[in-house]
Amino acid sequence: MRAGIVALLALALLSQCVGAEGPLVSVGADGKLVYAPYTDQGDCIPDFSNCGYMGGGVKLPQAPVRETLVPQAGDQKQRIQDAIDKVAALPAAGGLRGAVLLKKGRYEVSDTIHIRTSGVVLRGEEGAILVATGRKKHALIAIAGSGKPQEVGGTRRKISRNYVPVGSRTFAVESAKGLAVGDEVIVARHGNAAWIAAMGMDKLNRGPDDAVKNWPPQTQEYRRVITKIEGDTVTVDAPITCAIEDQWGGGEVYKYRWPGRIEQVGVEGLRAESVFEGDSDEKHAWDLVHLSCVQDAWVRDVTAVHFAYSCVNVAATAGRITVQDCRCLDPVSKITGGRRYSFALAGQLTLVQRCTARNGRHDFVMHSRVPGPNAFVDCKAENCHADSGPHHRWSTGTLYDNVTCGPLNVQNRRRSGTGHGWAGAVVVFWNCTATSLDCQKPPTSQNFAIGCIAPKISGRGHIESPGQRVEPRSLYLTQLQERLGKEAVESVRGAPR
């Protein structure tokens with residue numbers, strides 16, 4: 001009798017986790033994914049397959065070698081920079097100017113190497129090692145264009161639907177006049193003071209001298225491309241990952257230009273080691289690769305050893321980036337806030353796949369107010385000193401797909417930092433393994449833990465099939481195959497170079 005009661009209680013708890021309506025994503029009889037809405041307004045788990053180089057499913061290019069360097073004694077910073085600048089001056093063919101190849105050996109580098117021009121790649125032969133000798137906080141390699149999106153005057157249109165659900169690519173505007181297929185646009189989702197209050201983020205500050213601040217009204221800006229226009233209904237290339245609601249401020253769409261943004265650039269095949277003095281030294285290289293003001297770029301098969309902050313740091317001004325087969329090992333810094341963010345994302349439409357970290361803190365982490373989608377796929381971290389997940393202030397639309405790590409959390413971080421509050425929404429933990437998992441539900445949205453394994457799984461988010469893997473194994477790869485076919489999957493599955 002007692003065993004029967006225990007079994008009934010277990011089933012009741014499981015039904016609370018899964019919900020009476022069954023799985024939110026499943027494989028139908030025809031082999032296609034079936035999405036069940038999780039709200040009456042039609043919100044669904046979004047398609048993450050647009051994450052990555054060229055919008056996902058496109059094989060990373062192999063730039064021809066135009067300059068070759070062999071190791072020499074002394075500081076090689078200027079020598080490498082000069083070779084990059086020579087390639088940058090060449091004409092582009094198919095978007096690529098060429099690669100600088102570093103032959104096997106050690107190259108001491110005292111300061112930041114810059115890639116500022118489209119079509120330039122820095123590549124290492126197997127055994128090529130950069131040694132960051134600079135005794136200050138800096139990125140060893142900075143991929144950076146310039147400027148920011150510039151609104152095209154007269155093109156701003158109000159979204160006329162009072163609710164655009166999560167996962168939507170299509171929405172009505174007050175007038176599509178002046179917009180065209182192929183236009184680069186920003187879809188702006190506003191969050192007004194009423195939304196901030198509904199979130200409880202207007203109650204973080206405790207007085208005029210308090211460093212923790214209430215959230216101000218904010219806007220998430222989704223950089224998209226128009227793929228279809230029918231009357232006053234616009235379709236864009238990738239989904240929206242936070243519902244656009246009139247009551248919370250509504251939304252707008254407008255065209256933009258970005259003359260200073262660079263494209264078709266990459267770093268590949270390199271190992272980099274930062275020189276340091278003592279286990280908590282912070283006066284040395286911070287990031288191996290930092291990306292900003294760039295689109296359609298990649299970092300593949302690189303290893304960062306002893307860097308204080310990250311292997312790859314993707315800024316808010318970067319998009320459609322692929323980071324794959326990279327390693328962030330044994331960072332040297334104090335073990336405290338603002339350090340050891342092994343793979344850190346503030347940009348959108350970024351794919352981080354098959355990457356590993358060791359002795360980091362926030363290994364697979366989202367920064368503040370990041371508009372998704374973004375995806376971490378088949379990544380692993382060990383000896384973690386803190387959790388992975390969105391870190392603060394409402395990053396939306398992140399997929400953690402078959403990620404193995406320490407604690408994995410999406411939660412209200414309340415007064416952490418200067419007022420981190422609700423760290424993320426529409427965060428999907430899919431077939432992940434963690435030492436613990438906390439999946440909390442924010443007001444006005446939802447988070448998801450599906451098919452995850454951890455000794456403790458908690459939170460009031462949508463928790464489905466705890467302790468048991470679900471099909472498909474990889475949500476990202478299955479979504480990619482459905483959108484673009486098996487060849488697209490093979491293009492991103494390729495073994496390291």
Side-chain angles (χ1 to χ4, degrees), residues 189-221 241-242 248 286 308-310 313-316 333-348 350 360-372 374 376 381 384-400 403 405-429 434-449 458-461:
R189 182 266 179 191
H190 302 307
N192 59 19
W195 178 72
I196 298 295
M199 296 283 295
M201 297 295 99
D202 60 338
K203 297 179 175 62
L204 299 173
N205 182 264
R206 294 178 179 172
D209 298 326
D210 190 357
V212 176
K213 304 301 180 185
N214 294 334
W215 287 11
Q218 58 187 258
T219 297
Q220 276 191 326
E221 296 183 341
T241 59
C242 186
W248 305 137
W286 214 246
Y309 191 79
S310 76
N313 190 351
V314 180
S333 71
K334 299 173 185 176
I335 302 178
T336 188
R339 283 89 167 163
R340 304 192 186 201
Y341 289 43
S342 305
F343 296 91
L345 306 186
Q348 52 190 288
T350 298
R361 291 185 63 251
H362 303 299
D363 291 303
F364 308 114
V365 64
M366 306 304 300
H367 283 304
S368 174
R369 295 184 286 270
V370 182
N374 291 284
F376 296 93
C384 310
H385 295 279
D387 63 342
S388 286
H391 193 53
H392 63 129
R393 294 179 178 85
W394 205 251
S395 293
T396 66
T398 308
L399 172 65
Y400 289 79
V403 171
C405 59
L408 190 57
N409 298 326
V410 53
Q411 56 193 191
N412 186 354
R413 292 175 53 81
R414 304 182 189 279
R415 285 173 48 84
S416 296
T418 57
H420 288 178
W422 279 105
V426 194
V427 174
V428 181
F429 300 138
T435 57
S436 64
L437 191 153
D438 190 11
C439 178
Q440 297 184 6
K441 181 190 184 309
T444 78
S445 194
Q446 182 59 285
N447 290 305
F448 312 88
S458 58
R460 294 177 179 265

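No experiment lies behind these values; they were computed from the predicted model shown.
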### Enclosure of Lys213 NZ (heavy-atom neighbours >12, cutoff 6.0 Å)
yes

### Task
Check whether any side-chain heavy atom of Met366 sits under 4.5 Å from a side-chain heavy atom of Val427, and report yes or no.
no

### Under 3.5 Å: donor-acceptor pair, side chain of Asp438, backbone of Asn409
no

### Task
Would you name the heavy atoms of Leu408 and Cys405 that are closest together and state the gap between them?
CD1-SG, 4.0 Å

### Asn214 side-chain N/O to Asp202 backbone N/O, donor-acceptor pair under 3.5 Å
yes

### Query
Taking side chain as C-beta onward, heavy atoms only, is Met201 less than 4.5 Å from Asn412?
yes

### Task
Return the minimal non-hydrogen interatomic distance between Ala381 and Phe364, and the atom names on each side.
CB-CE1, 3.7 Å

### Query
Where do Ala344 and His367 come nearest, in terms of heavy atoms and distance?
CB-NE2, 3.6 Å

### Query
What is the ring orientation for Tyr309 with Tyr341, classed by angle as parallel under 30°, tilted 30 to 60°, or perpendicular over 60°?
parallel

### Task
Check for a donor-acceptor pair, side chain of Asp363 on one end and backbone N or O of Ser388 on the other, with a separation under 3.5 Å.
no

### Query
Do Arg340 and Ile335 have side chains that get closer than 4.5 Å, going by heavy atoms?
yes

### Query
Using a distance-only test with no angle check, is there a side-chain donor-acceptor pair under 3.5 angstrom linking Thr398 and Asn374?
no

### Contacts of Arg414 that satisfy side chain to side chain donor-acceptor pair (under 3.5 Å) - sequence neighbours left out
none

#### Entry: Heavy-atom pair of closest approach, residues Val365 and His391
CG2-CB, 3.6 Å

### Task
Look at the rings of Phe376 and Tyr400 and say which category their plane angle falls in: under 30° parallel, 30 to 60° tilted, over 60° perpendicular.
parallel

### Close side-chain approach of Trp394 and Cys242, heavy atoms under 4.5 Å
yes

### Query
Is there a side-chain contact between Val426 and Ser445, using heavy atoms and a 4.5 Å cut-off?
yes

### Task
Please name the pair of heavy atoms, one in Arg415 and one in Leu204, separated by the smallest distance, quoted to 0.1 Å.
NH1-O, 2.7 Å

### Summary
Closest non-hydrogen atoms of Gln446 and Lys441, given as atom of the first, atom of the second and distance, are OE1-CG, 3.4 Å

#### Entry: Donor-acceptor pair between Thr444 and Trp248 side chains, under 3.5 angstrom
no

#### Entry: Backbone of Val370 reached by a side-chain donor or acceptor of Gln220 within 3.5 Å
yes

### Message
With no hydrogens and no angle check, just 3.5 Å: does a side-chain donor-acceptor pair link Thr418 and Arg393?
### Response
yes

